[in-house]
Amino acid sequence: MQWLQHIRARRVRMNWRRSVPALLGALLGSVLVLALLLSTLLPLLGGQTPAGAAPAGTATLRAPAATALASADKLAGQGDLYRAIARYGDVLAVDPRALAALARRAMLLRQLGSLPAALADFDSALLLAPDNVELLVERGSTHSLSGEYQLAIADFNSALAAKPDTLLAYYGRGLARNGLKQYSDALLDFDTAVIMAPQFGAGFVDRGLTRMALQQPERALPDFSEAILIDPKNAAAYENRGAAFIALLRPADAIADYTQAALLDPNNPAVFNDRGSAYLRSGDAPRALADYQHALQLNGEFWQARTNLALLHIERGEYAAAEQQLRSALRIQPGNPSAQRSLVVALRGLQRLPEALAAAAAALQSSPDSVELLTERGLTHAALQDYGAALRDFSRVIELQPQAASGYYNRGLMHDGLRDLPAALADYTRVVELDPQSAPALNNRGHVHFQQRNFAAAVADYDSALTLQPQYVLALQNRAAAHTELGDHKLALADLNAALQLAPNDGQLYLDRGQAQHNLQQSAAALTDFARAVALLPGNALAYLRRGVEQASAGQRSAALADYDKAISLDPQLIEAYNNRGIVRMQAGEYAAARKDFDATVKLNAAYTQAYYNRGLALQALGELPAAGADFTKFLELETDSTWRQRAQDRLRELDTAGALKAQGKLLAQGNAAFNAGQFQEAIKRYSSALKLEPTFLEALYNRAAAYNQLQQSKDAIADLNGVLKLNPKFAQALVERGLAYLALKDYAKAIADFSAGLALDAKFASAYNNRGIAFIALKQLDKARADFDSALQIDPAFARPYFNRGLVFESTGNKTAAVADYRRFVELEKDPVWIAKGQAALKNLGQ
């Protein structure tokens, strides 16, 4: 799909430590802020007794308990929390109703992360003082830390019922509501909190975070700024304002805020991670790399930084380094979807496609509806050329996101790969409907029109793509090809000139422009461009072939021969190079060498019409008149152009007038004419007459065998082909023909042996693969059959029958989508009406 534009949106992962969509994770930090505020702003229920609470000060304790309480408070003040907790236990052993000991031990237990034990103490304390507002707020904050948001809200509600102006109850309830994703209700609580306490920086920060959760970064920004005005050393406010700037596509401002946060909190890895992502959005990859690495120096277990570092490696094509980071990230955070998706991308970049497929499948088990994972698996299937499987993945993406253009775009690529051009056209059209600014979709739709030979529609789409992106080189190149097909070589040249202004080192563009100049008979300019193409694409056989053609036209035969030799060495299957080299050799009087080139041409493509005429000329010059007559006759069978037909007929008359065409040559030509007319009995009669005159006439013997095969006289065909192979044991085509005879006799083992022997002699024999595939189907070896049909189509994508046969295999294995694609392609290519009807019947059977 070299004419198509493949795209994937560039994604930069941010780790907003306290921002959406990680707001639930951020809640823990906010609740810890609340707990800190409580510990500093509220009394420890010692000498002061809240309204409605039973007296619980130290004065109410018996002397031993009061002494133990004082000792515990001292230990707590010294940071010796475990011993302090034990001493509070001593107090409670003497007086189980010591409210202060219960409350203070609960707060220390919470500080140590022992949330169930802390809640148990708060519960006991509230049994003693059920209306104690401070205790209700403390227990509410502990419930929030435990993720018990409904219970937390109940406590904050009770506190507000008892004392409606309790600032921290509104704040804590707002945090709990955020935990339940009740963002609108949370906003109301934070609004109340900041109205009650305009200098309450934490309230502004968390209101900003809530607005981020509601996708209102423009409204969150003033909240974070207000928090900074209240406390210029509030690192979290800078950090989260940086996140808001990122959401507003202002990476430079984000970098400034992250830098300030890093100065205030230099040991916070999240700040460096987020600044790295901001640098990456600004196009500064080196600084992004440095920040990600610094984040990992601060915390080697910080998986977000490892994932972002891996994404940077992927952007730079460093897939092995990316894999290493992603494996570590997934060890730390096994189910992280971003790391899982990125691992698939890295493995695909390393061309470890089966591993990439397995990684995608494993990740999808836990996230079966992940659009990103489905997309990556689809792209991996596509890289394996399993377009049917990729099609299923992209269709699922479309089901999940029917208004997202990317799913249709990728599915369009797969339909194109399966040669289902109407479906590809529909998908690209849908992309354009959803995203009218998608120049790649217009380019690709133009390519579909091009393949359908609707060149005017292709030009219209390329025009639209270039209106959106005037510097779209691929669209310029594609439009030039369409102009060429429409015969407007000047417009094609103009497009290629424009493309080369944008991409002056693109060898393919020089190759195309050279051809446009050749079409305009600007030989010197064409030669210059072909030379440039050869310099830029030293491994491109087509560049040497085209330069060879131009040099031959200019009379530079030696240079042309050198280019054809190089083209053939780079691509031994390049048919035109053999034919063109044969012409130059024939012009130089090297008829025997020319004949070998034409033999190679015909061997590679038996339907290459011009090679028969050219070989006839070489054979005539070598005095091999019967063979020359046979080639001119074959040429007449294939050629439709009246001028060229007249030339061949003139050649045949020359041979007849000279009386030089031997009788067996005439009989061979007559037999060939009868064969091609479908008169196989008459052909056999003529070949047999030729063989009476010359029993070792190999071509007549082979052709008679082919005629017997057409009449299903398989044993007679085998007898003739045994004779052929006795004369020439390395005649690959004879082995394949004998394989067909065995196939008709249902002797599949011998048929497969002959087809395999033929392929051993000629690995590019497409029909041999096709025929062997049929034998494998008969033996129910469907995997081998499909492999053979794949090989046949790789050699000759326009060979119709393997599509039908492979469709049968797909249908048998339940792959309806692939079967339909193959049957449709077969119907497009097949010329025989009977076989076309078979393909249509197969499609109808599948509901098409």
Side-chain angles (χ1 to χ4, degrees), residues 10-26 28-29 32 113 235-243 245-247 251-252 254-350 352 355-356 359 363 372-373 376:
R10 182 171 184 254
R11 302 181 66 85
V12 179
R13 296 287 182 186
M14 300 294 294
N15 175 47
W16 298 346
R17 183 166 58 106
R18 301 187 61 210
S19 62
V20 182
L23 190 61
L24 292 181
L28 177 62
L32 287 172
Y238 283 105
E239 182 181 1
N240 288 303
R241 190 172 70 174
F245 279 132
I246 286 292
I255 289 168
D257 270 353
Y258 289 136
T259 299
Q260 186 62 32
L263 290 172
L264 294 167
D265 188 4
N267 294 316
N268 183 354
V271 171
F272 291 95
N273 173 69
D274 291 351
R275 188 175 69 177
S277 294
Y279 275 130
L280 196 57
R281 283 177 180 249
S282 299
D284 193 340
R287 286 184 175 175
L289 178 65
D291 269 350
Y292 292 145
Q293 290 174 335
H294 187 69
L296 289 171
Q297 287 174 1
L298 292 172
N299 181 2
E301 297 294 294
F302 191 30
W303 62 267
Q304 295 97 327
R306 290 198 181 278
T307 302
N308 284 344
L309 182 56
L311 286 168
L312 177 56
H313 284 310
I314 287 172
E315 290 280 343
R316 297 165 66 166
E318 299 164 355
Y319 300 111
E323 181 193 7
Q324 181 181 0
Q325 292 297 337
L326 291 166
R327 299 283 187 195
S328 296
L330 287 167
R331 174 184 55 78
I332 300 164
Q333 187 82 4
N336 180 257
S338 175
Q340 289 173 325
R341 168 195 169 273
S342 300
L343 180 61
V344 177
V345 177
L347 291 170
R348 192 168 63 243
L350 291 167
R352 287 156 54 188
E355 287 183 61
E372 290 191 335
L373 285 170
E376 293 304 336

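In this structure, Ala310 and Leu326 approach most closely via the heavy-atom pair CB-CG, 3.4 Å. Of all non-hydrogen atoms in Ala288 and Gly276, the two that sit nearest each other are CB-O, 3.2 Å. What you find for Leu343 and Ala359 is that their closest heavy atoms are CD2-CB, 4.5 Å. Summarising the geometry of Ala329 relative to Thr307, their closest heavy-atom pair is CB-OG1, 3.7 Å, with the distance given to 0.1 Å. Shown here for Ala295 and Phe302, the closest heavy-atom pair between the two residues is CB-CD2, 4.3 Å. In this structure, Pro269 and Asn299 approach most closely via the heavy-atom pair CG-CB, 3.9 Å.
Here the side chain of Tyr292 pairs a donor or acceptor atom with the backbone of Ser277 at under 3.5 angstrom. A donor-acceptor pair is defined here as one N or O able to donate and one able to accept, closer than 3.5 Å; no such pair exists between the side chain of Arg306 and the backbone of Ala339. Here the side chain of Asp265 pairs no donor or acceptor atom with the backbone of Ala261 at under 3.5 angstrom.
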Determine whether Ile255 and Arg287 satisfy the following criterion, side chain to side chain contact (heavy atoms under 4.5 Å, CB included), listing intermediate values before the conclusion. CA-CA 11 Å; Ile255 289 168; Arg287 286 184 175 175; over 6 Å; no
Intermediate values then yes/no, salt bridge (Lys or Arg N to Asp or Glu O under 4.0 Å), Arg275 and Glu239:
CA-CA 9 Å; Arg275 188 175 69 177; Glu239 182 181 1; over 6 Å; no
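Atom CD1 of Ile314 sits about 11.0 Å away from atom CD of Gln325, to the nearest 0.5 Å. Rounded to the nearest 0.5 angstrom, Glu376 CD and Leu347 CG are separated by 11.0 Å. Interatomic distance, Arg316 CZ to Leu311 CG, rounded to the nearest 0.5 Å: 13.0 Å. Here the CZ atom belonging to Arg348 is positioned 8.5 Å from the OH atom belonging to Tyr319, to the nearest 0.5 angstrom. Between Ser342 atom OG and Glu323 atom CD the span is 12.5 Å, to the nearest 0.5 Å.
Contact of the Tyr238 side chain with the Leu263 side chain is not registered, since no non-hydrogen atoms from C-beta on lie closer than 4.5 Å. Looking at heavy atoms from C-beta onward, Pro334 lies out of side-chain contact with Asn336 at the 4.5 angstrom threshold. Counting heavy atoms from C-beta outward, Gln324 and His313 have side chains that stay 4.5 Å or more apart. Residues Asn308 and Leu312 fail the side-chain proximity criterion, which asks for heavy atoms closer than 4.5 Å.
Contacts classified as ring-ring contact (aromatic ring centres under 6.0 Å, His included) and involving residues 266-288 (residues at least two apart or in different chains) are given here: Phe272-His294.
For the side chain to side chain contact (heavy atoms under 4.5 Å, CB included) test with Tyr258, the passing option among Asn273, Asp291, Ile246 is Ile246; the others fail.
Heavy-atom contacts from other residues, nucleotides or ligands closer than 6.0 Å to CD of Glu355 number more than 12.
Under the rule for a side chain to side chain contact (heavy atoms under 4.5 Å, CB included), the partners of Phe245 that lie at least two apart in sequence or sit in another chain are Leu221, Arg241, Arg250, Asp253, Ala254, Asp257. Considering only residues two or more places apart in sequence or on other chains, Gln340 meets the side-chain hydrogen bond (donor to acceptor under 3.5 Å, both in side chains) condition with none of them.
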